Amino acid sequence: EALLVNGHVELDVVGRHPESWVVVSAKGSVNGDIHAASVVVAGVVSGNVTATGEVEVLGTVEGSIRCSRLKRDKSARITGEVHEGSSAPR
């Protein structure tokens, strides 16, 4: 299951499948929390991001990130706390 956000969303985004992907494109923005197996943020997320797997940030996350593994581009911006690895709270 994959969800591509290519516009503006004003709500929480939750992947219901255990292997769900949420991708926020460079033109996309989410004003709410994201919960999924894996998340890619190329646009802007104003909320917390929680993933059981990997989070890749190419754009901006204005909130905290909790994940197993974080990939971050040099130009990425994260304004909240990052909890990465097996000790990351779920």
Side-chain angles (χ1 to χ4, degrees):
E1 175 181 292
L3 173 66
L4 172 64
V5 178
N6 202 30
H8 182 69
V9 175
E10 290 266 348
L11 52 90
D12 291 345
V13 178
V14 179
R16 293 187 281 176
H17 189 274
E19 297 177 11
S20 61
W21 276 82
V22 174
V23 178
V24 181
S25 76
K27 296 180 181 180
S29 64
V30 174
N31 188 9
D33 295 340
I34 298 177
H35 301 271
S38 298
V39 179
V40 177
V41 178
V44 178
V45 174
S46 297
N48 298 319
V49 176
T50 303
T52 55
E54 182 176 278
V55 172
E56 182 175 2
V57 182
L58 307 167
T60 301
V61 175
E62 298 169 343
S64 296
I65 297 175
R66 289 173 174 77
C67 61
S68 295
R69 188 174 58 246
L70 176 68
K71 288 174 64 178
R72 179 179 184 169
D73 188 71
K74 292 179 194 176
S75 62
R77 198 175 120 228
I78 301 169
T79 62
E81 297 180 355
V82 174
H83 301 276
E84 179 183 7
S86 59
S87 64
R90 303 277 179 225

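When reading the values below, keep in mind they use all heavy atoms of this one structure, side chains included, and skip hydrogens, waters and symmetry mates. Every value quoted in this text rests on a predicted model; they were computed, and no experiment measured them.
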* For Val44, which fellow cluster members are found when Ile, Leu, Val, Met, Phe, Trp and Tyr are connected by side-chain heavy-atom distances below 4.5 angstrom, either directly or through intermediates? -> none

* Could you tell me which residues satisfy side-chain hydrogen bond (donor to acceptor under 3.5 Å, both in side chains) with Glu54, sequence neighbours excluded, listed by chain and number? => Arg69

* Asked: With sequence neighbours left out, what residues match Glu62 under salt bridge (Lys or Arg N to Asp or Glu O under 4.0 Å)?
  -> Arg77

* Using the rule that two of Ile, Leu, Val, Met, Phe, Trp, Tyr join whenever any of their side-chain heavy atoms come within less than 4.5 Å, decide whether Leu4 and Val40 are in one cluster. => yes

* Asked: Nearest 0.5 Å, what's the NE2-OG distance between His83 and Ser64?
  -> 5.5 Å

* Asked: Once you round to the nearest 0.5 Å, how far does CG of Leu11 lie from CG of Asn31?
  -> 9.0 Å

* Can you check whether Val5 reaches Val23 side chain to side chain, under 4.5 Å on heavy atoms? -> no

* Structure fact -> Nearest heavy-atom contact between Ala51 and Ala37 is CB-O, 3.5 Å

* Would you list the pairs meeting side-chain hydrogen bond (donor to acceptor under 3.5 Å, both in side chains) in which at least one residue belongs to residues 11-28, sequence neighbours left out? => Asn6-Ser25

* **Which residues share a side-chain contact (heavy atoms from CB on, under 4.5 Å) with Ala76, sequence neighbours left out** => Val57, Arg72, Asp73

* To do: Examine Val82 and Val24 and state if one hydrophobic cluster contains both, with Ile, Leu, Val, Met, Phe, Trp and Tyr joined whenever side-chain heavy atoms are less than 4.5 Å apart.
  => yes

* To do: With sequence neighbours left out, write down each residue that passes side-chain hydrogen bond (donor to acceptor under 3.5 Å, both in side chains) with Ser29, or none if nothing qualifies.
  => His8

* **Point-to-point distance, once rounded to the nearest 0.5 Å, from CD1 of Ile34 to OG1 of Thr50** => 9.5 Å

* **Side-chain heavy-atom pair Leu3, Val13 within 4.5 angstrom cut-off** => yes

* Over all heavy atoms of both residues, which pair between Gly53 and Cys67 is shortest? Give the atoms and the distance, please. => O-CB, 3.5 Å

* Asked: Leu58 versus Glu56: any side-chain heavy-atom pair under 4.5 Å?
  -> yes

* Asked: Would you say Glu81 has more than 12 foreign heavy atoms packed within less than 6.0 Å of its CD?
  -> no

* To do: Scan for salt bridge (charged side-chain N to carboxylate O under 4.0 Å, His left out) pairs involving residues 33-42, sequence neighbours excluded, and state none if there are none.
  => none

* Shortest non-hydrogen contact between Gly47 and Val61, atoms and distance -> O-CG1, 3.9 Å

* Would a distance-only check, ignoring hydrogens and angles, find a side-chain to backbone donor-acceptor pair under 3.5 Å from Asn48 to Gly63? -> no

